[in-house]
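This is the structure I want to talk about, given as structure tokens.
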Protein chains: 2
Amino acid sequence: MTRSEENYLKAIYHLGGHKEQSISTNALAEEMDTKPSSVTDMAKKLAEKTLVNYIKYQGVSLTAKGKKTALSIIRKHRLWEVFLVKKLDFSWDEVHEVAEQLEHIKSEKLIDKIDELLEFPKYDPHGDPIPTKDGEFHEREKQLLSELKTQQKGICVGVKDTSSAFLKFLDKNQIALGHTIEVLDVEDFDESLLVKIDGKELHISSQIANNLYIKKEN
Amino acid sequence: MTRSEENYLKAIYHLGGHKEQSISTNALAEEMDTKPSSVTDMAKKLAEKTLVNYIKYQGVSLTAKGKKTALSIIRKHRLWEVFLVKKLDFSWDEVHEVAEQLEHIKSEKLIDKIDELLEFPKYDPHGDPIPTKDGEFHEREKQLLSELKTQQKGICVGVKDTSSAFLKFLDKNQIALGHTIEVLDVEDFDESLLVKIDGKELHISSQIANNLYIKKEN
DNA sequence: TTGTATTTTTAGTTTTGTCTAAATATTAAT
DNA sequence: ATTAATATTTAGACAAAACTAAAAATACAA
Ligand SMILES: [Mn+2]
Ligand SMILES: [Mn+2]
Ligand SMILES: [Mn+2]
Ligand SMILES: [Mn+2]
């Protein structure tokens, strides 16, 4: 399994190609930051190895084997992210790039030991669930902050946008996973919010509210 | 800098190509487990990038720049080996293969943080010195156990053969770095030794004695 | 339904790193 | 000093993973 093949499988998974849904050549090219013609080549190769289902002009989806491989890469990526944050004091906006490299290290023992060292975390620094060794995990129930109405409150459990810029913005405003957020007021005009987070009141634009995941309380 | 380029620089360093000495195409091919013709190609490419001095039919040696790069890879390799042993309970015969992969991860911050987490170790699990950030280190004074005479003693500080087979043999006989070894008797016929190690007496073949480094005492 | 726009595939190149086989240079031996 | 053995380089090919440009299939819209 080459690094490139692993990256394709991961990308297909993230685009939803693990349950029935077929992923188009163009969409995959976009996600992989490459050209559609390159995707076609790789689709054939992965199909040859029975990692994806590929029908000409209809895109790709993961086979059981492909899904298993994708989940193993995702597991490694997220565990390394936790390691970097918890053990090496990286901030959550710095870990992705390094994890992109570390996820390709080939050693079962290594990743299992990392898992153990971290005491089997269930979520990565961005709130995404970490699959177990045998590819199981449960997506946490969550919704975007922008879906909440006045007076509703919840706990911040994840981010949709994982860009460094967004994460740094959250840091600057002392918004972190685990914090309680209550919607005090919604401005009809621009859909901005007045929220109370960890005691402090804060004004939040709709772009922000559209990228913060909340677990609603009561 | 590609992974392959890094591996070549490291191999040249290990063969002694960092001080004057020129490394032959054949020797490098042997070390890299590849063909001489491939080495010639790479020699040209590295020379183009001013990482090695290459003269046709005369082999390669590292430039200052090449040496610096090689030492940075070696530093990473050895720090990762320490990490695997100290933090993840790998045994010293398991770490090399994984470190061969980890040494190519590109992140200054990562390796500096690992260094810090390990409290700036000076030697790796096999007794080899770890270069600092700016490529400095001192080779420990040491000699092969086979060079000692009867009655002489010292501390076990390293291994020459780092093969898994040899390291496991040492484990089995409870020979570890840091242990004190005293030569009780030398058998003229086969140059085998009778030694006392950590209290226990042990018979050791010349092949073993030729691959254990000792720091002589008094 | 017919024509246009979009998507996807094919064909042909490129780069990196490898290989084999053949040519050439160097070294060692008579 | 020739010759034979060995080491090294060249030439040509291949596989992986990308690209561009052109052809073909599909989707959409008048
Ligand atoms: Mn990530
Ligand atoms: Mn993440
Ligand atoms: Mn090693
Ligand atoms: Mn080592």
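In what follows, chains carry the letters A, B, and so on, assigned in the order in which the sequence lines appear, proteins first and then strands, with residues in each chain numbered from 1.
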From the options dT18(C), dT26(D), dA7(D), select the nucleotide whose nearest atom is closest to the side chain of T34(B).
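Ranking dT18(C), dT26(D), dA7(D) by closest atom to the T34(B) side chain puts dT18(C) first.
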Taking for S37(B) and for M42(B) the nucleotide of DNA chain C with the nearest heavy atom, the one nearer the 5' end belongs to M42(B)
Taking CE from M32(B) and P from dT16(C), how many angstroms apart are they, rounded to a whole number?
17 Å
Note: K109(B)-D89(A) ion pair, threshold 4.0 Å (strictly below)
no
For the pair made of CG in L46(A) and P in dA16(D), what is the distance, rounded to whole Å?
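My rounded result for the distance is 12 Å.
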So, OP1 or OP2 of dT9(C): does either fall under 4.0 Å of a side-chain N or O from T25(A)?
yes
On the nucleotide dT8(C), are OP1 or OP2 found under 4.0 Å from the side-chain N or O atoms that N26(A) carries?
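Yes, within the criterion.
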Near DNA chain D, counting only heavy atoms under 4.0 Å, which residues of residues 2-10 of chain A show up?
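The answer is T2(A), S4(A), Y8(A).
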Is a donor from one side chain sitting under 3.5 angstrom from an acceptor on the other, for N7(B) and H104(B)?
yes
I want to verify a distance call: between dT9(C), dT20(C), dC19(D), whose nearest atom is closest to the K56(A) side chain?
dT9(C)
Rounding to an integer number of Å, can you tell me how far D33(A) CG sits from dA17(D) P?
17 Å
Contact under 4.0 Å: K44(B) side-chain N or O vs dT10(D) OP1/OP2
yes
What's the closest nucleotide to the K45(A) side chain, out of dA17(D), dT9(D), dT8(C)?
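Of the candidates, dA17(D) comes closest.
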Phosphate oxygens OP1/OP2 of dT9(D): is one of them under 4.0 Å from a side-chain N or O of T40(B)?
yes
Step by step, would you call K133(A) with E108(A) a salt bridge (Lys or Arg N to Asp or Glu O under 4.0 Å)?
CA-CA 9 Å; K133(A) 220 165 140 55; E108(A) 274 229 36; 2.9 Å; yes
Hey, are D41(B) and K35(B) close enough for a salt bridge, meaning a charged N less than 4.0 Å from a carboxylate O?
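Salt bridge between D41(B) and K35(B), a charged N being under 4.0 Å from a carboxylate O: no.
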Under a 3.5 Å threshold, yes or no: a donor from one side chain and an acceptor from the other, between N26(A) and S24(A)?
no
Distance below 4.0 Å between Y57(A) side-chain N/O and dT10(C) OP1 or OP2
no
From the list dT9(C), dT18(C), dT9(D), which nucleotide is the closest neighbour of the side chain of D41(B)?
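It is dT18(C).
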Whole-Å distance, K35(B) NZ to dG12(D) P, equals 21 Å
What's the CD-C1' distance between E48(B) and dT15(C), to the nearest Å?
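So the two atoms are 15 Å apart, to the nearest Å.
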Under a 4.0 Å N-O cut-off, is there an ion pair linking E6(B) with K106(B)?
yes
Would you check if there is a donor-acceptor pair between the side chains of E81(B) and H126(B) at a distance under 3.5 Å?
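Looking only at side-chain atoms, E81(B) and H126(B) do form a donor-acceptor pair, the distance falling under 3.5 Å.
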